[in-house]
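Each remark here refers to the structure printed beneath this line.
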Amino acid sequence: MKRKRSIRTSDLRGVGRLAVDAVTAVTDLVETMHYTIARRAAAPGPIGWAATRGVPGLVYRSVRGITRLVGGGIDAVLAPLVPPLEHGRSSPRREAVVAAVNGVLGDYLEASGNPLAIGMSLRRDGVPLVIERAALPQASGRLLVLVHGICMSDLQWRRDGHEHGAALERDLGFTAVYLHYNSGLHGSVNGRRFAELLERLTREWPVPLDQVAIVGHSMGGLVARSACHYGAQAGHGWLARLRTLIFLGTPHHGSPLERAGNWVDAALGATRYTAPLARLGMIRSAGVTDLRFGNVLDEDWHGRDRFARDGDRRRPLPLPRGVRCCAVAATQEGSRGRVAGVLPSDGFVPLDSALGRHPDSRRALNFP
């Protein structure tokens with residue numbers, strides 16, 4: 001067996017780039033606060049604007065310049081080492097850390113070309129599938145796709161010796177594959193990519209395909225709903241074989257935790273002295289802010305400031321027709337099971353959100 005690596009050279013490059021970006025951004029933030037406090041009558045400039053002059057300005061510019069110089073040097077040294085060292089499976093521990101970083105910063109990682117950014121793939125045992133008929137594993141006519149939640153990876157369907165996909169293969173005769181994706185991207189971006197990937201897989205499936213089932217955990221359920229929408233738009237054939245769609249704790253109507261984070265952003269931005277600190281809250285990814293109300297379509301976020309205080313402006317999207325859709329929700333006992341002491345919850349997703357209930361009949365999903 002190939003050795004499982006807990007760290008890769010590309011990881012070092014990615015972490016190095018993040019460190020450079022972080023030091024530079026913090027320097028910008030401190031300079032803005034410095035300028036604001038020193039010039040109380042003036043409004044603070046945007047992050048990244050070198051407002052200070054004289055010796056302070058020279059210091060801030062020097063910190064940024066040296067940081068970028070050192071970071072560029074490290075990247076240049078490590079870059080030639082990546083190809084020969086990137087062999088072997090990745091360890092579950094590394095996969096968990098990279099998945100968590102992508103959940104929080106995934107959109108930034110992809111936009112900046114950071115090696116830590118996860119590219120979408122379908123995998124088994126943590127290994128990407130080669131989507132060619134001859135290269136696919138031995139399969140049945142029943143395809144099951146498991147879609148993980150935010151800050152998680154496809155290896156986290158295993159707990160205490162139970163592997164959920166393997167159990168469904170054994171008990172129900174499915175062939176399980178696992179979606180691995182960057183959960184920091186907008187749900188609609190991942191939904192469209194997932195739909196295209198499923199179309200390729202079902203075309204190359206090595207045996208006649210009778211049915212497709214999808215199990216989505218948390219954000220994975222939103223990605224699955226989005227994929228159904230964009231697959232229908234594109235006329236994909238896999239939708240005709242989709243029989244079952246199961247949502248495990250999916251925030252169909254969002255999570256109060258992200259809405260609380262939005263309130264914190266607004267509070268910090270209320271004065272010019274704390275406004276720079278609001279930028280710290282704005283590092284969270286598009287995937288995280290999509291969970292405020294449960295965005296699944298481009299129209300839900302495109303052209304809008306995702307950090308602005310705004311109401312639920314989603315376009316209603318019903319469950320796909322002709323598909324057996326099931327929702328599983330949970331609550332915790334005791335005070336932890338109630339968000340703000342009011343809403344029954346599993347600690348993250350309120351019960352009504354997980355069951356698709358909504359006071360607006362257009363938004364209610366009406367699970368049977």
Side-chain angles (χ1 to χ4, degrees), residues 95-96 99 103 118 120-126 128-129 137 139-183 187 190-191 193-199 201-202 205 209-231 236 238-252 287 291 294 296 317 319-330 346 348-349 351 353-356 365 367-368:
E95 293 279 351
I118 294 173
M120 182 177 285
S121 62
L122 290 165
R123 310 205 299 184
R124 279 179 66 91
D125 298 320
L129 296 178
S140 72
R142 292 181 164 192
L143 170 63
L144 170 68
V145 187
L146 296 98
V147 188
H148 63 76
I150 190 168
C151 292
M152 301 186 77
S153 82
D154 57 306
L155 298 182
Q156 291 172 299
W157 288 95
R158 180 181 293 109
R159 183 178 179 85
D160 297 333
H162 172 83
E163 211 289 339
H164 206 51
L168 293 172
E169 282 189 333
R170 181 191 65 237
D171 296 341
L172 300 179
F174 282 95
T175 299
V177 300
Y178 304 76
L179 186 70
H180 187 225
Y181 68 99
N182 179 345
S183 60
N190 279 323
R193 294 178 183 178
F194 181 30
E196 293 169 354
L197 203 55
L198 270 179
E199 183 70 359
L201 180 67
T202 53
W205 200 246
L209 192 55
D210 298 325
Q211 63 172 289
V212 176
I214 300 175
V215 176
H217 171 235
S218 190
M219 174 187 278
L222 299 179
V223 172
R225 285 179 58 205
S226 182
C228 290
H229 172 78
Y230 290 111
H236 288 169
W238 63 267
L239 272 172
R241 297 183 176 90
L242 181 63
R243 300 287 184 268
T244 307
L245 190 52
I246 298 177
F247 303 96
L248 306 178
T250 293
H252 293 290
L291 295 180
V296 291
L317 180 68
L319 296 172
R321 293 182 178 180
V323 179
R324 191 169 72 114
C325 295
C326 308
V328 179
D346 60 11
F348 181 70
V349 182
L351 190 62
S353 182
L355 296 179
L365 296 183
F367 284 97

Subject >> Closest non-hydrogen atom pair, Ser226 against Gly187 >> reply: OG-O, 3.7 Å
Original post:
For the atom pair CG (Leu143) and CH2 (Trp238), what is the distance rounded to the nearest 0.5 Å?
Top reply: 10.5 Å
**OP:** Return each pair, listed once, that meets salt bridge (Lys or Arg N to Asp or Glu O under 4.0 Å) where at least one residue sits in residues 155-183; pairs must be two or more places apart or across chains.
**Re:** Arg124-Glu169
Original post:
Is the backbone of Leu172 close enough, under 3.5 Å, to the side chain of Arg142 for a donor and an acceptor to pair up by distance?
Top reply: yes
Subject >> Arg123 to Tyr178, cation-pi by 6.0 Å centre distance and 45° axis angle >> reply: no
**OP:** Verify, without hydrogens or angle tests, whether Ser183 (side chain) and Ile150 (backbone) share a donor-acceptor contact under 3.5 angstrom.
**Re:** no
Original post:
Shortest non-hydrogen contact from Cys151 to Gly103?
Top reply: SG-CA, 3.6 Å
Subject >> Exam field: side chain Thr202 to backbone Leu198, donor-acceptor pair closer than 3.5 Å >> reply: yes
**OP:** Please confirm whether the backbone N or O of Gly173 pairs with a side-chain atom of Ser140, one donor and one acceptor, at under 3.5 Å?
**Re:** yes
Subject >> Nearest heavy atoms of His162 and His164, plus distance in Å >> reply: NE2-ND1, 3.2 Å
Original post:
Side chains of Leu245 and Cys228: does their closest heavy-atom pair fall under 4.5 Å?
Top reply: yes
Original post:
Nearest heavy-atom pair of Leu122 and Val145: which atoms, and what distance?
Top reply: CD2-CG1, 4.1 Å
**OP:** May I ask you to test the Tyr181-Arg193 pair for a side-chain heavy-atom distance under 4.5 Å?
**Re:** no
Original post:
Does any non-hydrogen side-chain atom of Asn190 lie less than 4.5 Å from one of Leu179?
Top reply: no
**OP:** Mind checking the CG-NE2 spacing from Leu317 to His252? Nearest 0.5 Å is all I need.
**Re:** 11.0 Å
Subject >> Nearest-0.5 Å distance that lies between atom SG in Cys326 and atom CZ in Phe367 >> reply: 8.0 Å
Original post:
What is the distance from atom NE2 of His217 to atom OG1 of Thr250, rounded to the nearest 0.5 Å?
Top reply: 7.5 Å
**OP:** Under the ring pair (Phe, Tyr, Trp, His ring centres under 6.0 Å) rule, collect the residues that match up with His229, sequence neighbours excluded.
**Re:** none
**OP:** Mind checking the SG-CZ spacing from Cys325 to Arg243? Nearest 0.5 Å is all I need.
**Re:** 13.0 Å
**OP:** Find out whether Pro137 and Leu129 are in side-chain contact, i.e. whether some heavy atom of one side chain is under 4.5 Å from a heavy atom of the other.
**Re:** yes
**OP:** Would you mind reporting whether Phe194 and Ile214 have side-chain heavy atoms less than 4.5 Å apart?
**Re:** yes
Original post:
Where is the tightest heavy-atom contact between Pro251 and Leu291, given as atom of each residue plus distance?
Top reply: CG-CD2, 3.8 Å
Subject >> Side chains of Leu319 and Phe247 in contact at under 4.5 Å (non-hydrogen atoms) >> reply: yes
Original post:
Side chains of Tyr230 and Glu196: does their closest heavy-atom pair fall under 4.5 Å?
Top reply: no
**OP:** Quick one: pull up NE2 in His180 and CG in Asp154 and give me the separation to the nearest 0.5 Å.
**Re:** 5.0 Å
